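Have a look at the structure below, then the notes.
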Amino acid sequence: MIAFVQETLLLLPFLFATYLVLEAVEAHAGGALERILERARLIGPLAGAAAGAVPQCGVSAAAASFFAGGVVTVGTLLAVFLSTSDELLPVLLSKQVPVSILVRIVLLKVGAAVAVGFLVDGVCAALRVRRRALHVHDLCEHSHCGCRAHKGILVPALIHTAEIFFFIVLVSGAIELAIHFFGEGCFQSLRLNTPVLGELAAGALALIPNCAVSVAGAELYCSGAMSGGALMASSFTGSGLGLLVLFRTNRSLRENLAILATVYVAGVALGLLTGPLL
């Protein structure tokens, strides 16, 4: 529970910085800032994958809000989600897993995330899927926060930060209590070292937005109860609190479900491909 509180509090600076940027974009829409962001979309998946590699789930939460506001592409969002590792790397490091394996995991995740991100953006461009325009004001309409009544960007950013923070506390706190009640030992009965089935189960479990899942995965891998493929699948699909924030901030449920499905399918497939390389 202490780890949950610490993880949640660490989100605050990420959330506030995110909404401060979004409010600045809204305030200067049509100006130089918007043109800079538009050009940055061309290398979005590369930057997203690199940012997601930082062992902090606040990056994926920020990416979800940026996507909901139309700042980044779906390819960039997927790159962040797939490269995010939550608590996996620190736990593996504490278990004295060889540094060479940790470096391999990071390189595989970042490389695959970049490839998937650019591939998705390329497919969207080929199919002439309309690119998301900057629409930060939709976040306000979706959350009914009333921040438009305030001038400037500071107060609206604080209101959005508080609104998303309390949502995360409620939902993730409930998940934390459920895991604490049933125990992390229940994961051991899923046969996560069974070929294919292990990757499918591990990928599904990692979609749960809670660091306890990635901690359990690292523990199981080190004890031999989880295969390398299952570990990689859970690492690819475990996007921290990103999916939770996405479903809260992005108003298109169909779009959110499509992103969720893509993360899962890509994560399991990549786990099967990269697992033998550990």
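The model shown is predicted, which means the values in this text are computed figures rather than measured ones.
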Is there a side chain to side chain contact (heavy atoms under 4.5 Å, CB included) between F81 and T262? Walk through the geometry before answering.
CA-CA 11 Å; F81 282 0; T262 302; over 6 Å; no

Side chain N256, main chain N250, donor-acceptor under 3.5 Å:
yes

Do you know the tightest heavy-atom contact between A64 and T249?
O-OG1, 3.9 Å

Here the gap from S100 atom OG to L278 atom CG, rounded to the nearest 0.5 Å, amounts to 10.0 Å

CA sep, side-chain torsions, deciding dist, call: I105, L231, side chain to side chain contact (heavy atoms under 4.5 Å, CB included)
CA-CA 10 Å; I105 290 174; L231 177 73; 4.2 Å; yes

Let me confirm one number: the CD-CD1 distance from E163 to I168, rounded to the nearest 0.5 Å.
9.5 Å

Verify side chain to side chain donor-acceptor pair (under 3.5 Å) between K109 and S85, making sure each step is shown before the conclusion.
CA-CA 9 Å; K109 282 173 61 62; S85 59; 5.6 Å; no

Indicate if I164 and L12 have the same hydrophobic cluster label, given that clusters are the connected sets of ILVMFWY residues with side-chain heavy-atom separations under 4.5 angstrom.
yes

L277 CG to L107 CG distance, which is reported to the nearest 0.5 Å
11.5 Å

Is the shortest side-chain heavy-atom distance between F247 and L260 below 4.5 Å?
yes

Answer yes if L119 and L127 sit in the same cluster of Ile, Leu, Val, Met, Phe, Trp and Tyr residues linked by side chain heavy atoms under 4.5 Å apart, and no otherwise.
yes

Please assess T161 against F14 for the test side chain to side chain contact (heavy atoms under 4.5 Å, CB included), listing each intermediate value before the final yes or no.
CA-CA 9 Å; T161 299; F14 282 92; over 6 Å; no

With the 4.5 Å side-chain cut-off for hydrophobic clustering, are V245 and L253 part of the same group?
yes

Is V114 linked to L273 within one hydrophobic cluster, defined over Ile, Leu, Val, Met, Phe, Trp and Tyr using a side-chain heavy-atom separation of less than 4.5 Å?
no

Can you tell me which residue among T76, L82, V72, L77 is in a side-chain contact (heavy atoms from CB on, under 4.5 Å) with P45?
T76

Would you name the heavy atoms of L154 and L20 that are closest together and state the gap between them?
CA-CD1, 4.3 Å

Any side-chain heavy atom of L46 sitting closer than 4.5 Å to one from F118?
yes

How many angstroms lie between OG in S65 and CZ in R248, if you round to the nearest 0.5 Å?
10.5 Å

Can you check whether C222's main-chain N or O pairs, donor with acceptor, with K95's side chain at less than 3.5 Å?
no

Check whether any side-chain N or O of S239 sits under 3.5 Å from a backbone N or O of G242 as a donor-acceptor pair, and report yes or no.
no

